[in-house]
**Student:** 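My questions will all concern the structure given below.
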Amino acid sequence: MPELPEVETLKRALTPLVLNKRLLKLRFLRKDLRFSIPLSKLREGLLNQTVSRITRKGKYILMHVPDGALLIHLGMSGRVIQTSSMKPMKKHTHAVFKFEPDVYLHYVDPRRFGCLLWVPKGQTHPLLEGLGPDPLGEEIAATEMKLVAKKCSKASIKSFLMNAKRISGVGNIYACEVLFAARVSPKKPARKINSVQWGLILSTLRDILQKSIVAGGTTLRDFYNTDGSQGYYKLNLTVYDREDKPCPVCTKPIKRIVQSARSTFYCKICQK
DNA sequence: AAAACTACCTGAGTGC
DNA sequence: TGCACTCAGGTAGTTT
């Protein structure tokens, strides 16, 4: 997926294409993704309406129109591509949007873990409620995080970082990368992280995410920008998907373990 | 209450 | 080539 940098990259790519533009056509090729798509609500709310704003919270994108917003999530394999017609170009194209004058956006998602939903004006959405602070938004206070983590009896720092209720938008790749950069073991209980370490983790997180956005997002299998170009952050990955390869710092082999049913990559020597 | 596990899908990669 | 198998960037809902 699409981790946070990819979603932010998508938001930035979409903005000049659709901001202050009217949606002229809307076509759905299926009625359900992860959740059923509210077809008639989306048609009613979006058709012939002008996009006033595009925002992001964690990995969710909101495309605002007068009566509400289109809520987009890319799940694990989703992407949005720009083409020159309503005709689906890719297998697993589930929705096509035509904006004035001639911008065609195709929502493609093979695994269908993503979603397209409607948020009425003045309301929020259950999926957005309870999301923790966005790591690229207002600075998260280390003291605040330490306090929240204190209440976690057992959760490892890796699981903590990936829990959207704590901090929104941190996926598996960046959780691994940040902990390596901050020299913190992924196995360390979140409640044992001191404020200095929290400060380091949070500033490193912001730094890595920002650098990745500048590079255009991490491209693994499924992410492409709306114009089909790929991101380049993958080249900078230090530990993720590098089991048995040398640690860039100490050259000892990178370890792979499983935490909460997800692969974690780290250096036993460098991360304490 | 918190944390771990399961399920939702398709496709890429591996080994036979 | 093909089959069987494993694994994958997310996360809501269920179970422990």
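Here is the naming used below: chain letters follow the sequence lines, and residue numbers restart at 1 for every chain. Quick caveat: nothing in here was measured; it's all calculated off a predicted structure.
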**Student:** Can you tell me how far P of B/dG11 sits from CG of A/Asp109, to the nearest Å?
**Tutor:** 11 Å
**Student:** Tell me which pairs pass side-chain hydrogen bond (donor to acceptor under 3.5 Å, both in side chains) where either residue lies in residues 30-49 of chain A, with sequence neighbours left out.
**Tutor:** A/Arg30-A/Asp32
**Student:** I need the full list of salt bridge (charged side-chain N to carboxylate O under 4.0 Å, His left out) pairs touching residues 155-164 of chain A, with sequence neighbours left out, sorted by first then second residue.
**Tutor:** none
**Student:** Among residues 156-169 of chain A, which ones have heavy-atom contacts with DNA chain B below 4.0 Å?
**Tutor:** A/Arg166
**Student:** Would a line drawn from the ring center of A/Phe35 to the ring center of A/Trp118 be shorter than 6.0 Å?
**Tutor:** no
**Student:** Could you check how far CG of A/Leu74 sits from C1' of C/dA8, rounded to whole Å?
**Tutor:** 16 Å
**Student:** Between C/dG10 atom C1' and A/Arg79 atom CZ, what is the distance in whole Å?
**Tutor:** 17 Å
**Student:** Looking at A/Ser77, I'd like to know whether one of its side-chain N or O atoms comes within less than 4.0 Å of OP1 or OP2 on B/dT10.
**Tutor:** no
**Student:** When the P atoms of C/dT11 and B/dA1 are compared, how many Å lie between them, rounded to an integer?
**Tutor:** 23 Å
**Student:** Is the shortest side-chain heavy-atom distance between A/Cys152 and A/Phe160 below 4.5 Å?
**Tutor:** yes
**Student:** Atom CZ of A/Arg242 and atom CD1 of A/Ile254: how far apart are they, to the nearest 0.5 Å?
**Tutor:** 6.5 Å
**Student:** Answer yes if the side chains of A/Arg22 and A/Thr50 hold a donor-acceptor pair under 3.5 Å, and no otherwise.
**Tutor:** no
**Student:** I'd like a list of close polar pairs between nucleotides 7-9 of chain B and the protein, N/O only, cut-off under 3.5 Å.
**Tutor:**
from	atom 1	to	atom 2	distance (Å)
B/dC9	O2	A/Arg111	NE	2.8

**Student:** Would you say a side-chain N or O of A/His73 is under 4.0 Å from OP1 or OP2 of C/dG10?
**Tutor:** no
**Student:** Stems involving DNA chain C: give each as a range paired with a range, ordered by first number, where a stem means at least three consecutive Watson-Crick or G-U wobble pairs under 3.5 Å.
**Tutor:** B:2-8 with C:10-16, B:10-16 with C:2-8
**Student:** Between A/Lys59 and C/dG10, is there a contact of a side-chain N or O with OP1 or OP2 at under 4.0 Å?
**Tutor:** yes
**Student:** Ignoring the backbone of A/Arg262, work out which of C/dA12, B/dG11, C/dG10 is nearest its side chain.
**Tutor:** C/dG10
**Student:** Rounding to a whole Å, what distance do you find between A/Tyr240:OH and C/dA8:P?
**Tutor:** 6 Å
**Student:** Nearest to the side chain of A/Arg256, which nucleotide is it out of C/dC7, C/dT11, B/dT10?
**Tutor:** C/dC7
**Student:** Are any of A/Tyr60's side-chain N or O atoms less than 4.0 Å away from OP1 or OP2 of C/dA12?
**Tutor:** yes
**Student:** Please report the distance, rounded to the nearest Å, between CE in A/Met76 and C1' in C/dA12.
**Tutor:** 14 Å
**Student:** Of A/Lys154 and A/Lys91, whose nearest nucleotide on DNA chain B comes first from the 5' end?
**Tutor:** A/Lys154
**Student:** Please tabulate the protein-to-nucleotide N/O contacts below 3.5 Å involving nucleotides 14-16 of chain C, giving atom names and distances.
**Tutor:**
none

**Student:** Which residues pass the salt bridge (charged side-chain N to carboxylate O under 4.0 Å, His left out) test with A/Lys188, not counting sequence neighbours?
**Tutor:** none
**Student:** What orientation do A/His94 and A/Tyr107 show, parallel under 30°, tilted 30 to 60°, or perpendicular over 60°?
**Tutor:** tilted
**Student:** Expressed as a whole number of angstroms, how long is the span from A/Gln259:CD to B/dA4:P?
**Tutor:** 9 Å
**Student:** Hey, could you give me each pair passing side-chain hydrogen bond (donor to acceptor under 3.5 Å, both in side chains) that has a residue in residues 127-138 of chain A? Not counting sequence neighbours.
**Tutor:** A/Arg56-A/Asp134
**Student:** With A/Lys21, which residues qualify under side chain to side chain contact (heavy atoms under 4.5 Å, CB included), at least two apart?
**Tutor:** A/Phe99, A/Glu100, A/Pro101
**Student:** Let me know the distance between CG of A/Asn172 and C1' of C/dA8, rounded to the nearest Å.
**Tutor:** 10 Å
**Student:** A/Ala155 has a side chain; which of B/dT6, B/dA3, C/dG10 sits nearest to it?
**Tutor:** B/dA3
**Student:** With sequence neighbours excluded, tell me which residues meet side chain to side chain contact (heavy atoms under 4.5 Å, CB included) with A/Lys151.
**Tutor:** none
**Student:** Sequence neighbours left out, what passes side chain to side chain contact (heavy atoms under 4.5 Å, CB included) with A/Thr93? Give chain and number order.
**Tutor:** A/Leu29, A/Pro88, A/Lys90, A/Val96, A/His106, A/Val108
**Student:** Rounded to the nearest 0.5 Å, how far apart are CD1 of A/Ile72 and CG of A/Leu14?
**Tutor:** 6.5 Å
**Student:** Does A/Val119 belong to the same Ile/Leu/Val/Met/Phe/Trp/Tyr cluster as A/Phe97, with side-chain heavy atoms less than 4.5 Å apart forming each link?
**Tutor:** no
**Student:** Could you tell me how far apart A/Arg242 (CZ) and C/dA8 (P) are, to the nearest whole angstrom?
**Tutor:** 17 Å
**Student:** Would one find a side-chain N or O of A/His92 under 4.0 angstrom from OP1 or OP2 of B/dG11?
**Tutor:** yes
**Student:** If the P atom of B/dC9 is compared with that of C/dT14, how far apart are they to the nearest Å?
**Tutor:** 15 Å
**Student:** Within less than 4.0 Å of OP1 or OP2 of C/dA8, is there a side-chain N or O belonging to A/Ser263?
**Tutor:** yes
**Student:** With sequence neighbours left out, what residues match A/Ile269 under side chain to side chain contact (heavy atoms under 4.5 Å, CB included)?
**Tutor:** A/Cys250, A/Lys252, A/Cys267
